[in-house]
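Here is the structure we will look at, set down as structure tokens.
All values below were derived from every heavy atom in this structure, side-chain atoms included, with hydrogens, water molecules and symmetry-related copies excluded. Indexing begins at 1, ligand by ligand and atom by atom, following the structure's order.
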Amino acid sequence: MTAFDTLHVAPGGALTGRVRVPGDKSISHRSVMLGALAEGTTEVRDCLMGEDVRATMAAFRALGVEIEEREGGRLILVHGRGLRGLQTPRQVLDLGNSGTSIRLMSGIIAGSSLAATLTGDSSLRRRPMRRVTEPLGAMGAVIRTAANGTPPLEVEAGHALHGIDYVLPVASAQVKSAILLAGLFANGTTAVTEPAPTRDHTERMLAGFGVTVVRDGARAGVAGGQSLKATKITVPADISSAAFFLVGASIAPGSELVLEGVGVNPTRTGVIDILGLMGADITAENAREVGGEPVADLRVKYAKLRGIDVPPALVPLAIDEFPALFIAAAAAEGVTTVREAEELRHKESDRIATMAAGLETLGVPVETRPDGIRITGGPYGGGRIDSHGDHRIAMSFAIAALRAGAAIDIADCANIATSFPDFVPLARGAGLGIAP
Ligand code: S3P
């Protein structure tokens, strides 16, 4: 667990050796959720035991699901209650910092026709929820939000759902998943068409639980009433956590690092493609498939990076990796521009504004736009950064120190524990001069 609020990172150094970052957050959440809805006991190996996934586990326990932790947390047993087995919770469901938990669970709870209130911390209570409550409302659910469409979400009991054919206005795997999960409970077929490909872990994992998911290009559909059968899942290492090391090793001369067992689902590998366009030296070794998800060891060596215009088609495929990619841009030669990335403003913090403020502190020339940023790379300094409680901002500025001219201090870092509880010891072991 991260027991610190401020991090001090010495400038310079290189990343070497072999690192296994923790389990994929998106896949870990879904393992618990689908395991809870299945018949039988689902075994989940290498589940991420960060605060976000723990919030999902706590919420399902409050819904009557027994979840056991064995082998010091390396093995989780989810005792499924079947599609119709969840119970009305006695308490408010507090999903902490986790957008994936609140959005996907709103679909499951609306489908289960249970009365429940879902809320979270001050960051989650600022995030937009109409993107899920509107389509779920179109399916027949009644869900109230705060006046500006933010949590708490109050789901009313007693409303049966019917299938819809929904075209997503924004590319969002959370919204797609919330609707498909609600569709499991609905009369008829529920289908979602996305404007651009987003992570497809829900579709893949549903298939692993024996549910027929009909996928036709940008459209995915499920017929309601299908039962889920318990299964065994091994969670790959999270490419979103690996991203800090991919960028860190790419910008720090003398680095050569292997990241073991990383999930390389093509809907998640935008960070590798973008770094590749910038001139990074990343190779995938030992490619294999683990439980329906592609996995590889990623070898990354220092390379001279150059600024690029990030192709907008890659934005949804790297959506969580932009804080780290902005550090790569700061260390690159020349200008990097990102556009059509307005979604970055609706994450755990406004990641365009938070990153721009931090980069300016380091002396990096930046210009922001409503939907993106322009970063001029070159030598940069140190300073004190405020991560605004955003885990990925904190970790991005930590790895920025590898190329900084002076130390970087980062405030408000406790939320690193939401996605990467062991970031500090792992990064230190690989060569980063990081200390609480
Ligand atoms: C996630 C989807 C993405 C991503 C988030 C996890 C998921 O959110 O940013 O960290 O697990 O489905 P959006 O769907 O809002 O883009």
Next item on the list: Kindly say whether Gly64 contributes a backbone atom to a donor-acceptor pair with the side chain of Arg81 at under 3.5 angstrom?
Entry: yes
Check: Any donor-acceptor pair under 3.5 Å linking the side chain of Asp390 with the backbone of Ser349?
Finding: yes
Item checked: Counterpart residues, ring-ring contact (aromatic ring centres under 6.0 Å, His included), relative to Phe185 (two or more places apart) -> none
Notebook entry, point to check: Taking 4.0 angstrom as the limit, do Asp165 and Arg219 come out as a salt bridge?
Noted result: yes
Note to self: With a 4.0 Å cut-off on N to O distance, would you call Arg61 and Glu69 a salt bridge?
What the structure shows: yes
Relative to [atom], which among [options] owns the nearest non-hydrogen atom?
atom: atom 7 (C) of ligand 1; options: His346, Lys25, Arg30, His29; value: Arg30
atom: atom 5 (C) of ligand 1; options: Glu321, Lys176, Gln174, Glu343; value: Gln174
atom: atom 8 (O) of ligand 1; options: Arg351, Arg392, Lys347; value: Lys347

Notebook entry, point to check: Can you list the ligand 1 atoms lying under 4.0 Å from a non-hydrogen atom of Ile319?
Noted result: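 Matching atoms, with element in brackets: 9 (O).
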Checklist line | Atom indices of ligand 1, in the order listed, that fall short of 4.0 Å to a heavy atom of Arg199 | finding: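 Atoms satisfying the 4.0 Å criterion: 1 (C), 2 (C), 4 (C), 6 (C), 7 (C), 11 (O), 12 (O).
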Next item on the list: Fit a plane to each ring of Phe420 and Phe244, take the angle between them on a 0 to 90° scale, and name the class: parallel (under 30°), tilted (30 to 60°) or perpendicular (over 60°).
Entry: tilted
Notebook entry, point to check: With under 30° as parallel and over 60° as perpendicular, where do the rings of Phe326 and Phe322 fit, or are they tilted in between?
Noted result: tilted
Just need the protein heavy atom nearest to [atom], so name the residue and atom and give the distance.
atom: atom 9 (O) of ligand 1; value: Asp320 OD1, 2.6 Å
atom: atom 14 (O) of ligand 1; value: Ser172 OG, 2.6 Å
atom: atom 6 (C) of ligand 1; value: Thr100 OG1, 3.4 Å

Notebook entry, point to check: Would you say Arg103 touches ligand 1, if touching means a heavy atom closer than 4.0 Å?
Noted result: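 It does; at least one heavy atom falls under 4.0 Å.
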Check: Is there at least one pair of N or O atoms, one from Leu104 and one from ligand 1, spaced under 3.5 Å apart?
Finding: no
